[in-house]
Amino acid sequence: MHCRTEREAQSIKTALQARLAECGLELHADKTKIVYCRDANRRGMYSSTKFDFLVYPFRPRNVKTQKCGTLFVSFTAAVSSTALKDMRQTTRKWNLRNRTDLDLEDISHMFNPVLRGWLQYYGRFQPSAMDPVLLHFNATLVAWAMRKYSRLRGHKIRAARFIERIARRQPSLFIHWKRGVFGTAG
């Protein structure tokens, strides 16, 4: 719920607790709190200025205006660091770097649906926050290329350039390449 003042928020919370108690329910102490939504227009200093909801951490972030591209602070959601870590771990579990029996089109058909799902769910509010996962996936493709092609074995930069050339030539091969995410992590 959004309120204009902290006092209004406290009174609503008290009324909500009373109403839920009538129904034999109670508010979860860890999940129910009053948060100050700090942004460019609300600059006050409070102890609690962020919260998580459905794996999205809401907090003050720098964002660009669509018209002129200037930065300002807005209270928005983006993918959580825990979710980013889980997605990178999932990429590792695929063991893609050792799947030299596959070609790039096979890899695309296998993993594009998952990448698309991640982008549609976690990248909904701030797509650029997904870049660490996408760059990690590209780095995994580089490792795959180094194992698959003997001329790239031991040549990480050459393999990265090889994958980047393919990405620029065939951006529709992977969903994140269409967005222009070509580089690698690290």
Pairwise distance CE(M130) to CG(L134) - rounded to 0.5 angstrom: 5.0 Å
Check: residues 82-89 side-chain donor-acceptor pairs under 3.5 Å, at least two apart:
| unit_1 | atom_1 | unit_2 | atom_2 | d |
| --- | --- | --- | --- | --- |
| Q89 | OE1 | R92 | NH1 | 3.1 |

Within 6.0 angstrom of I157 CD1, more than 12 heavy atoms from elsewhere: no
All pairs passing salt bridge (Lys or Arg N to Asp or Glu O under 4.0 Å) where residues 114-137 contributes a residue, at least two apart: D131-R179
Qualifying salt bridge (Lys or Arg N to Asp or Glu O under 4.0 Å) pairs, either residue in residues 162-177, two or more places apart: E164-R168
Show me the side-chain donor-acceptor pairs of residues 10-20 shorter than 3.5 Å, one per line, residues at least two apart or across chains.
| unit_1 | atom_1 | unit_2 | atom_2 | d |
| --- | --- | --- | --- | --- |
| S11 | OG | E8 | O | 2.9 |
| T14 | OG1 | Q10 | O | 2.9 |
| R19 | NH1 | E22 | OE1 | 3.2 |

Step-by-step side-chain contact (heavy atoms from CB on, under 4.5 Å) determination, R161 to H155: CA-CA 10 Å; R161 288 181 183 151; H155 299 281; over 6 Å; no
Check: V79 and Q126 side chains under 4.5 Å, non-hydrogen atoms: no
side-chain contact (heavy atoms from CB on, under 4.5 Å) involving S81 - partner list, sequence neighbours excluded: none
Beyond-backbone contact of E105 with Q170, side-chain heavy atoms, under 4.5 angstrom: yes
Residues forming a side-chain hydrogen bond (donor to acceptor under 3.5 Å, both in side chains) with S108, sequence neighbours excluded: N112
Residue pair L135 / V181, side-chain heavy-atom distance below 4.5 Å: yes
Aromatic contact, F111 with F174 (centres under 6.0 Å): no
Output side-chain donor-acceptor pairs under 3.5 Å for residues 140-149, partner residues at least two apart or in another chain, one line each.
| unit_1 | atom_1 | unit_2 | atom_2 | d |
| --- | --- | --- | --- | --- |
| T140 | OG1 | H136 | O | 3.0 |
| W144 | NE1 | R99 | O | 3.1 |
| R147 | NE | N98 | OD1 | 3.0 |
| K148 | NZ | T100 | O | 2.7 |
| K148 | NZ | L102 | O | 3.3 |

With sequence neighbours excluded, residues passing ring-ring contact (aromatic ring centres under 6.0 Å, His included) with Y122: none
side-chain contact (heavy atoms from CB on, under 4.5 Å) assessment of F137 paired with W94: CA-CA 11 Å; F137 185 80; W94 289 337; 3.7 Å; yes
T32 OG1 to E26 CD distance, which is reported to the nearest 0.5 Å: 10.0 Å
Closest non-hydrogen atom pair between P171 and W177, with its separation: O-CB, 3.3 Å
Spacing of NZ belonging to K178 relative to CG belonging to L119, to within rounding of 0.5 Å: 11.0 Å
